[in-house]
2 protein chains.
Amino acid sequence: MTTIADVARYAGVSVATVSHVMNRTRHVEPETAERVRSAIAALRYNPNSLARSLRRGETKTIGLLVPDNANPFFASVARQIEDAGFVAGYTVILCNSDGSAEKEERYLQVLMAKQIDGLIFAGSSDHARVFSSLLPSVPAVLLDREIHSVNVDSVLVDHDHGGYLAGRYLVGLGHKKFGVIGGPRDSSSSPARLQGFVRALQEAGLDLPASSVVDSDYHFVGGRVAMEQLMAQAPGITALFACNDLMAMGALTVLRGRGLRVPDEMSIVGFDDIPYAVTTWPPLTTIAQPVEKIGTRAVSLLMQRLGGPEAPSRREILAPALVERESCAPARK
Amino acid sequence: MTTIADVARYAGVSVATVSHVMNRTRHVEPETAERVRSAIAALRYNPNSLARSLRRGETKTIGLLVPDNANPFFASVARQIEDAGFVAGYTVILCNSDGSAEKEERYLQVLMAKQIDGLIFAGSSDHARVFSSLLPSVPAVLLDREIHSVNVDSVLVDHDHGGYLAGRYLVGLGHKKFGVIGGPRDSSSSPARLQGFVRALQEAGLDLPASSVVDSDYHFVGGRVAMEQLMAQAPGITALFACNDLMAMGALTVLRGRGLRVPDEMSIVGFDDIPYAVTTWPPLTTIAQPVEKIGTRAVSLLMQRLGGPEAPSRREILAPALVERESCAPARK
DNA sequence: GCGCGACATCGGCAATCGTCGTCATGACCC
DNA sequence: GGGTCATGACGACGATTGCCGATGTCGCGC
């Protein structure tokens with residue numbers, strides 16, 4: 001490996017001068033600077049970031065800790081974060097926790113050892129405990145979670161409002177009897193989505209009997225079994241709200257298997273707007289999470305905090321939006 | 001930040017001793033060692049990886065450069081690599097190139113500066129040029145590409161065989177007239193898949209007229225437009241081979257839109273077996289790429305090379321497999 | 001039984017990795 | 001002589017590691 005000393009020798013100057021021309025950190029005679037630059041090019045010199053970071057006390061690296069990069073939602077978020085980080089001059093270390101608090105802790109420790117400048121964390125339900133142990137030694141942004149602490153910001157999605165949008169839309173279509181497939185009870189999102197949905201019904205003077213709600217796990221097959229159960233215990237429903245798209249897709253396949261036509265005999269609204277929501281038939285009407293904004297806003301908050309670590313902690317709330325496709329129809333008389 | 005010197009002072013020993021107890025690098029009086037360990041715990045000391053790496057000349061970090069982490073195939077591969085790396089004590093830096101040679105080069109430079117121990121690279125069609133400029137300063141594993149060089153290994157998928165499997169399967173079902181939706185001509189995979197497919201037909205004495213092949217871009221909407229075109233220029237086909245699942249899904253939706261029943265009136269085989277292949281209706285019969293193996297084999301090759309950098313370069317060829325679901329049926333008389 | 005050297009055990013000093021920033025130095029001009 | 005200006009020397013940054021010194025143990029020869 002060629003070092004700054006090699007360059008200095010080659011150009012006939014001191015290492016300090018080489019450093020200063022690279023970083024434009026003080027004036028150097030144009031002629032000398034040129035000699036240095038051509039030495040750099042000739043030797044194909046690439047400065048060692050480790051040494052630089054050790055010296056400067058910053059690594060230009062951010063840690064990203066998510067439950068599962070194979071989940072398209074997190075994959076998209078990771079992609080956005082990586083992109084936004086890149087333009088700001090940062091690289092990202094990717095970590096998958098599987099939602100395990102133990103793995104989260106181990107990763108956090110590794111990341112701290114690597115002296116990351118900042119952390120973006122989509123944590124487990126137990127995130128508070130995990131997190132407080134390491135806090136607040138590094139600026140962090142939480143995704144879809146909140147924690148009361150200095151130098152920790154949050155990017156939140158208004159799940160309640162998303163659920164409300166779904167409810168109001170189906171009510172507007174004239175539906176009266178609804179089914180719901182919920183996500184995990186201990187997630188940060190599902191209860192809020194359900195709550196918003198119920199509020200929309202109540203505003204219209206409608207209610208949601210307990211037998212019309214089946215909780216599941218946010219997965220495709222979970223959606224399938226939940227739909228089976230729903231059809232058994234809540235006959236006569238004409239509209240379904242699935243708390244995420246994957247479960248909506250599962251429900252869609254069992255309906256098709258049973259010969260029930262969507263949307264004619266059953267309207268379906270999902271949540272998330274994953275890329276595959278358009279690949280179903282009919283394409284899925286759903287509540288879109290602003291995925292690209294989640295990533296870019298998170299990075300933006302982090303950058304601001306790196307600029308001014310003492311600012312009060314902030315929370316950014318992003319609005320979901322209804323995207324109409326073809327899985328819903330007006331209720332039939 | 002607390003340093004090794006703090007620990008040494010607290011425990012009343014030298015920094016050398018602290019280092020030796022942490023790394024078990026020579027015998028230390030049990031009593032002393034215990035004092036050091038409790039000092040570490042008391043101060044919540046976490047060694048600075050930068051300094052360690054600078055000194056040791058290894059970072060326990062691998063770079064992963066893929067076209068797009070939002071693509072479920074690469075997202076899964078990334079997940080697997082991250083997992084396998086973690087158990088081996090490595091963390092991964094994720095980079096998205098969008099297939100742009102320029103971005104690839106810039107990332108490679110950043111990764112080299114960060115002194116990664118190894119690289120896993122799913123490169124663009126222009127990878128050879130990009131790569132040779134930086135080569136062979138770091139051990140690397142190429143995904144789905146080959147390059148003739150020392151200390152560069154490859155993990156390949158036998159796309160030709162995959163295409164052959166698809167062809168033989170459809171031929172076995174009694175089909176005679178086929179349509180094909182191809183991927184990009186300059187990809188490493190699509191031409192091979194097509195070639196294998198054609199070979200299977202030839203073995204059965206069947207042929208594939210040029211008008212029955214439409215090239216596309218591996219995306220969902222690309223699959224849609226290709227299918228439209230195919231129906232216009234190749235009427236009478238009863239079986240379709242789409243060179244990836246996304247395009248197969250696109251084709252599926254246009255068929256449904258036109259009221260053609262799958263699989264009764266049209267059989268479809270995809271390629272990749274992305275997680276969403278089961279979410280369509282009917283579930284998609286497809287040629288599965290061994291995603292998890294790609295990731296784990298890549299890491300394993302890399303680890304072996306880190307162990308013995310001088311070994312001759314190796315290529316590992318992974319076999320795809322047919323997974324039968326419900327999008328194919330026997331040809332009707 | 002005693003004295004002395006060989007050897008093992010354990011801990012500390014200081015060099016080192018590559019870079020950056022501060023202080024110092026010499027040249028030059030007014 | 002004092003003030004610029006361009007550049008060089010040098011000491012961190014935080015850990016690892018080769019080398020050396022201090023202490024203790026043991027064996028051997030007389």
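Quick note on labels: first sequence line is chain A, next is B, and so on, each numbered from 1.
B:Thr3 is linked by a side chain to side chain donor-acceptor pair (under 3.5 Å) to nothing, counting only residues two or more places apart in sequence or in another chain. Legend: residues meeting side chain to side chain donor-acceptor pair (under 3.5 Å) with B:Arg106, ordered by chain and number and at least two apart, are absent. Residues meeting the ring-ring contact (aromatic ring centres under 6.0 Å, His included) test with B:Phe86, sequence neighbours left out: A:Tyr107. Residues satisfying the side chain to side chain donor-acceptor pair (under 3.5 Å) test with B:Asp83, not counting sequence neighbours, are B:Arg79.
Put simply, chain B comes within 4.0 Å of DNA chain D, heavy atom to any atom, from D:dG14 to D:dC19, going 5' to 3'.
Taking atom CZ of B:Arg56 as the reference point, atom C1' of C:dG18 lies 18 Å away to the nearest angstrom. Taking atom NZ on B:Lys114 and atom C1' on C:dT19, their separation rounds to 15 Å, with Å as the unit. Atom CG of A:Leu54 is separated from atom P of C:dT16 by 17 Å (rounded to the nearest Å). Rounding to whole angstrom units, CZ of residue A:Arg24 and P of C:dG21 are separated by 15 Å. Taking atom CD on B:Gln115 and atom C1' on C:dC17, their separation rounds to 10 Å, with Å as the unit. Atom C1' of nucleotide C:dG18 and atom CG of A:Leu43 are separated by 15 Å, given to the nearest angstrom. Look at NE2 on A:His20: it is 11 Å from C1' on C:dT19, rounded to the nearest Å.
In the region residues 26-39 of chain B, proximity to DNA chain D at under 4.0 angstrom, judged on heavy atoms, holds for B:Arg26.
Counting any heavy atom pair closer than 4.0 Å across all strands shown, B:Thr3 reaches sugar-phosphate atoms only and no base atom.
Annotation: side chain of A:Pro47 is in contact with side chain of A:Met22 (closest heavy-atom distance under 4.5 Å).
Counting only distance, with no hydrogens or angles, the side chain of A:Asn48 and the backbone of A:Leu50 share a donor-acceptor pair below 3.5 Å.
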Would B:Tyr10 and B:Thr2 satisfy side-chain hydrogen bond (donor to acceptor under 3.5 Å, both in side chains), going step by step from the backbone distance to the final call?
CA-CA 11 Å; B:Tyr10 189 94; B:Thr2 124; over 6 Å; no
Check step by step if side-chain hydrogen bond (donor to acceptor under 3.5 Å, both in side chains) holds for A:Lys114 and B:Ser53.
CA-CA 10 Å; A:Lys114 287 194 188 273; B:Ser53 295; 5.8 Å; no
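Positionally, the nearest nucleotide of DNA chain C for B:Arg55 lies more toward the 5' end than for the other of A:Val18 and B:Arg55.
Counting heavy atoms of neighbouring residues, nucleotides and ligands inside a 6.0 Å radius, atom NZ of A:Lys103 exceeds 12 of them.
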